[in-house]
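Only one structure is covered here, and it is reproduced in the block below.
Only this structure's heavy atoms are used, side chains among them; waters, hydrogens and symmetry mates stay out. Proteins get letters first, then strands, A, B, ... in listed order; numbering begins at 1 in each. These figures come from a predicted structure and were not determined experimentally.
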Number of protein chains: 2
Amino acid sequence: MARKTKAEAELTRQQILEAALHAFHVRGVSRTTLEEVAKAAGVTRGAVYWHFANKTELFFAMREQISLPLLDKGHSLILAENLADPLDGIEQSILALFQAILESERVRQMFEIIFLRCEYVDDFAGVLEELNKPGLQFLVDAELAYRRAQAKGTLRDGLDPRALAMDTLAFVRGLFHQLLASPEEREWPRRIPAMVRAHVALRRAQSPCDPAAAESAGAALPRRTRRQ
Amino acid sequence: MARKTKAEAELTRQQILEAALHAFHVRGVSRTTLEEVAKAAGVTRGAVYWHFANKTELFFAMREQISLPLLDKGHSLILAENLADPLDGIEQSILALFQAILESERVRQMFEIIFLRCEYVDDFAGVLEELNKPGLQFLVDAELAYRRAQAKGTLRDGLDPRALAMDTLAFVRGLFHQLLASPEEREWPRRIPAMVRAHVALRRAQSPCDPAAAESAGAALPRRTRRQ
DNA sequence: CATTTTACATACATGCATGGTTGTATATAC
DNA sequence: GTATATACAACCATGCATGTATGTAAAATG
């Protein structure tokens with residue numbers, strides 16, 4: 001057919017990416033055919049091969065487009081300056097991540113593809129390291145946040161920031177997978193914020209030997225009003 | 001060729017399962033060809049099709065054979081009676097799970113296949129529910145264990161057993177995925193037990209206003225001697 | 001000992017996904 | 001305004017994975 005203008009070409013590129021997202025989500029990465037992607041995007045395989053060298057590059061492009069903004073936001077939230085309590089930064093960044101998944105169909109589908117509909121071998125083995133990088137970044141950021149909280153006295157005594165960071169990372173990752181593995185559960189929007197807050201609350205300092213304070217700080221489902 | 005005796009047939013069945021484990025691990029489930037499995041097992045595709053209807057059934061059989069014993073062991077450990085502290089049951093069952101992965105190549109490969117080399121669509125969508133079942137079981141068991149600890153006074157005050165169980169499940173699942181995602185890390189054998197013990201230690205009761213006790217109970221890397 | 005069933009190996013038919021090639025009409029550069 | 005690069009569509013060749021059908025020799029059955 002006729003040649004398209006640059007803007008139109010970019011549009012079909014986006015349509016192909018969007019079609020790939022849905023196709024990968026429904027059929028899994030390896031079973032999806034570029035023919036399916038093309039048809040869903042309203043083009044032929046020729047167009048797909050024009051914009052992307054092969055299925056692997058299409059996958060990487062799709063993933064990158066959706067995940068990069070999320071990582072930036074999380075990183076900036078956790079280490080936000082001028083926080084009354086650095087633990088709030090940890091709490092907020094985790095909450096933001098899960099809210100993004102709960103609110104955006106696209107984001108959730110992308111993560112479902114990455115964690116449940118992709119086989120990490122051959123070309124895709126490299127993605128694993130990519131997936132670890134945000135985790136390592138969170139580990140560093142969280143440890144620093146915990147250390148700041150320790151300095152400010154908002155962290156419980158006797159806890160090691162590094163160990164806490166690893167524990168929190170495991171918690172986030174696990175909750176992540178639980179959410180992705182059972183997306184039909186309608187309680188998540190209420191349950192997840194409660195679990196995240198309970199997780200952080202376990203680590204907050206409590207006035208020693210003050211029963212009232214201990215109760216509010218250690219409660220499993222604290223109804224604290226959000227700061228900031 | 002010649003017909004084999006029943007014992008020999010069972011042996012080739014096991015060889016096929018073993019070959020499938022390795023093939024799935026190296027090439028991913030969807031990319032592995034039954035021809036590859038057959039060749040690795042020293043038979044032809046005819047033998048594979050004789051013992052298993054198709055790749056899906058082969059996958060299920062492989063998974064079931066390895067995972068069933070693990071689930072039984074974990075369940076019995078967490079709810080073991082006559083424990084001085086029910087929290088030790090939680091700790092021990094989690095430790096046993098990770099030890100199984102760290103010690104057995106077969107077990108680790110099986111989990112890597114399940115979590116990193118399989119796409120959960122079509123025939124395999126049902127596996128997701130299977131994967132959730134152990135989690136739900138652990139949730140029930142852990143909540144009960146936390147409740148028992150609460151009754152015995154070994155649990156910190158102000159904590160909700162149900163919320164704790166969900167938190168611990170998320171922690172275990174997350175640590176699980178971290179371990180599987182970076183198996184080359186040689187520190188896991190030391191790090192994981194420390195993290196598990198630190199996780200449980202955060203929830204143990206501490207004698208209020210006793211600095212010495214608080215320090216030992218809340219320490220991030222407690223060197224407690226194992227009970228039982 | 002005759003019959004049947006078992007435990008495979010071998011061969012065949014089918015479909016489909018991939019990658020490459022070619023064609024082409026138009027936007028863009030000069 | 002001409003030349004060239006662009007943005008695809010259409011066509012083709014190849015290979016490979018699956019499933020099934022058939023062959024077969026020995027074990028199991030009675």
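Classification of the A/F60-A/F124 ring pair by plane angle, with boundaries at 30° and 60°, yields parallel.
Considering only side-chain N and O atoms, B/H51 lies nowhere under 4.0 angstrom from the phosphate OP1 or OP2 of C/dA7. Listed pair A/K55 / C/dT18 meets the phosphate criterion, a side-chain N or O lying under 4.0 Å from OP1 or OP2. Of the side-chain N and O atoms in A/Y49, none sit less than 4.0 angstrom from OP1 or OP2 of C/dG20.
Remark: the B/Q65 side chain and the B/Q14 side chain contain an N/O donor-acceptor pair separated by less than 3.5 Å.
For the helix from C/dC1-D/dG30 to C/dC30-D/dG1, the end axes, each set by the C1' atoms of five terminal pairs, are bent relative to each other by 20° (nearest 10°).
A salt bridge links A/R106 with A/E18: the distance from a Lys NZ or Arg NE/NH1/NH2 to an Asp or Glu carboxylate oxygen falls below 4.0 Å. Using a cut-off of 4.0 Å between Lys/Arg side-chain N and Asp/Glu carboxylate O, B/E10 and B/K6 are scored as not salt-bridged. A salt bridge links A/E143 with A/R147: the distance from a Lys NZ or Arg NE/NH1/NH2 to an Asp or Glu carboxylate oxygen falls below 4.0 Å.
Using a 4.5 Å heavy-atom cutoff, the side chains of B/M195 and B/F171 are in contact. Residues A/I94 and A/T168 meet the side-chain proximity criterion, which asks for heavy atoms closer than 4.5 Å. Side-chain contact between B/L144 and B/R148 is present, with at least one heavy-atom pair separated by less than 4.5 Å.
A heavy atom lying under 4.0 Å from DNA chain D marks none of the residues of residues 21-39 of chain A.
For B/W50 and C/dC8, the CH2 to P distance is 9 Å, given to the nearest whole Å. Per the geometry, CZ belonging to B/R45 stands 11 Å off C1' belonging to C/dC12, to the nearest Å. Between the NZ atom of B/K4 and the C1' atom of C/dA7 there is a distance of 8 Å, given to the nearest Å. Rounded to an integer number of Å, the gap from CD of B/E8 to P of D/dA25 is 17 Å. Nucleotide D/dT18 holds its P atom 15 Å from the CZ atom of B/F52, rounded to whole Å. What separates CG of B/N54 from P of D/dG19 is a distance of 6 Å, to the nearest Å. Nucleotide C/dA7 holds its P atom 10 Å from the CD atom of B/E10, rounded to whole Å. Counting to the nearest Å, the P atom of D/dG19 and the CD atom of B/E57 are 11 Å from each other.
Comparing atom distances between the A/T5 side chain and each of C/dA27, D/dT18, D/dA7 picks out C/dA27 as nearest. Looking at the side chain of A/K6, the nearest of the listed nucleotides C/dT28, C/dC8, C/dG19 is C/dT28.
Sorted by first and then second residue, the ring-ring contact (aromatic ring centres under 6.0 Å, His included) pairs with a member in residues 17-58 of chain A form an empty list; sequence neighbours excluded.
Note on A/T44: a base of the nucleic acid sits closer than 4.0 angstrom, heavy atoms only.
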